[in-house]
Amino acid sequence: MRNKKIKKLTAVLMCAAILAAAAVPAYASGTDQQSMELTMSKDASFIMTIPSTTNTVVFGAVDTEIGEVKVTGDVGTKQQVEVTVTKTDFVDEKDSTNTFAFSLQYNDADFTGAIWTTEELRNETKALPLTVHIPTATWEGTTAGTYKATLTFQAELQDIG
């Protein structure tokens, strides 16, 4: 019984010693000023939306609108999101040597990517309508077949100066 009381007393004294060490009182005559720093963190996030995967280009159509690429989100004031796109030529499903090129365009100019600023991401103000452009001369040289091409979009969060 005596051992139990000694163990309890020792535990109480150790707790009191820990509490006394954790508090750092400041004693001074006159003025005393102390400060501490607080920090918080919020991760950047964004969502890229690309045109639908079910778009069909009609044979002979010079310009086919395929939809918009858009990025929304919340990033830091010194960050941006860069979207790039790579493409393959149209390839005949039955003969991989039978191909033809096309251009992906935005506002009648070739499109390989764009940058969304913090403001554009937050305000959701930037959506770029894309067009597949295949000149008439290309269509004239195309043989019968079923062709497929792939557009691969990539979005990257970047720090800016």
Side-chain angles (χ1 to χ4, degrees), residues 18-19 21-26 28 31-161:
I18 290 171
L19 290 174
V24 182
T31 302
D32 179 30
Q33 181 177 345
Q34 297 181 27
S35 63
M36 63 181 283
E37 290 185 7
L38 300 174
T39 61
M40 72 74 67
S41 178
K42 179 181 177 186
D43 291 335
S45 64
F46 62 90
I47 297 172
M48 175 177 60
T49 306
I50 64 171
S52 171
T53 59
T54 60
N55 291 309
T56 301
V57 175
V58 176
F59 181 82
V62 174
D63 291 314
T64 302
E65 293 180 16
I66 61 169
E68 298 177 334
V69 62
K70 183 177 184 177
V71 183
T72 59
D74 184 18
V75 301
T77 58
K78 296 291 184 179
Q79 291 180 313
Q80 64 187 15
V81 174
E82 179 180 23
V83 172
T84 56
V85 62
T86 56
K87 63 183 182 65
T88 65
D89 288 344
F90 276 97
V91 178
D92 187 338
E93 289 183 338
K94 294 182 181 175
D95 179 5
S96 62
T97 63
N98 185 17
T99 65
F100 66 91
F102 70 98
S103 62
L104 182 64
Q105 296 186 339
Y106 165 66
N107 278 347
D108 297 323
D110 286 349
F111 179 80
T112 57
I115 291 176
W116 275 256
T117 64
T118 301
E119 293 79 21
E120 291 168 334
L121 290 162
R122 288 186 181 160
N123 298 330
E124 301 182 17
T125 57
K126 187 175 183 178
L128 309 179
L130 301 177
T131 301
V132 170
H133 178 76
I134 304 169
T136 302
T138 300
W139 285 123
E140 290 170 355
T142 302
T143 59
T146 300
Y147 296 83
K148 287 190 178 181
T150 302
L151 300 174
T152 303
F153 294 85
Q154 180 176 324
E156 178 184 12
L157 180 65
Q158 299 175 334
D159 292 330
I160 53 176

Exercise. Within a strict 4.5 Å, meaning less than it, do heavy atoms of the Thr86 and Phe153 side chains meet?
Worked result: no
For this session: Return the minimal non-hydrogen interatomic distance between Met48 and Ala155, and the atom names on each side.
Result: SD-CB, 3.8 Å
Determine all donor-acceptor pairs shorter than 3.5 Å in which one atom belongs to a side chain in residues 58-66; sequence neighbours excluded.
| residue | atom | partner | partner atom | Å |
| --- | --- | --- | --- | --- |
| Asp63 | OD1 | His133 | ND1 | 2.6 |

Exercise. If you take all heavy atoms of Ala127 and Glu68, which pair is closest and at what distance?
Worked result: CB-OE1, 3.5 Å
Exercise. Sequence neighbours excluded, which residues qualify as ring pair (Phe, Tyr, Trp, His ring centres under 6.0 Å) partners of Tyr106?
Worked result: none
Problem set entry | Where at least one partner belongs to residues 79-104, residue pairs that pass salt bridge (charged side-chain N to carboxylate O under 4.0 Å, His left out), sequence neighbours excluded | Glu93-Lys148
For this session: Compare all side-chain heavy atoms of Thr49 with those of Val69 and state whether any distance is below 4.5 angstrom.
Result: no
Problem set entry | Test item: Glu140 side-chain N/O and Ala137 main-chain N/O as donor-acceptor pair under 3.5 Å | no
Exercise. Can you find a pair of side-chain heavy atoms, one from Asn98 and one from Thr143, that are under 4.5 Å apart?
Worked result: yes
Problem set entry | Where at least one partner belongs to residues 98-107, residue pairs that pass salt bridge (charged side-chain N to carboxylate O under 4.0 Å, His left out), sequence neighbours excluded | none
Seminar exercise, completed: side chain to side chain contact (heavy atoms under 4.5 Å, CB included) with Val85: of Leu130, Ile50, Thr152, Leu104, only one passes, and it is Leu104
Problem set entry | Contacts of type side chain to side chain contact (heavy atoms under 4.5 Å, CB included), residue Glu124, not counting sequence neighbours | Lys70, Thr72
Exercise. Side chains of Leu157 and Gln79: closer than 4.5 Å at any heavy-atom pair?
Worked result: yes
For this session: Report yes if the side chains of Thr138 and Phe102 come closer than 4.5 Å at any heavy-atom pair, otherwise no.
Result: no
Problem set entry | Heavy-atom donor-acceptor pair, Thr99 side chain to Phe90 backbone, under 3.5 Å | no
Exercise. Just wondering, do Val75 and Trp116 contact through their side chains at under 4.5 Å, heavy atoms?
Worked result: no
Exercise. Do other residues, nucleotides or ligands put more than 12 heavy atoms under 6.0 Å from Ile160 CD1?
Worked result: yes
Exercise. How about Val71 and Leu121: do any of their side-chain heavy atoms sit closer than 4.5 Å?
Worked result: yes
Exercise. What are the two closest non-hydrogen atoms of Ile134 and Phe100, and how far apart are they?
Worked result: CD1-CE1, 3.9 Å
Exercise. For atom CD of Gln154, is the number of surrounding heavy atoms from other residues, nucleotides or ligands below 6.0 Å larger than 12?
Worked result: no
Exercise. Do any pairs count as a salt bridge (charged side-chain N to carboxylate O under 4.0 Å, His left out) and have a residue in residues 98-123, sequence neighbours left out, and if so which ones?
Worked result: Asp74-Arg122, Glu120-Lys126
Exercise. Do the side-chain N and O atoms of Asn107 and Gln105 include a donor-acceptor pair separated by under 3.5 angstrom?
Worked result: no
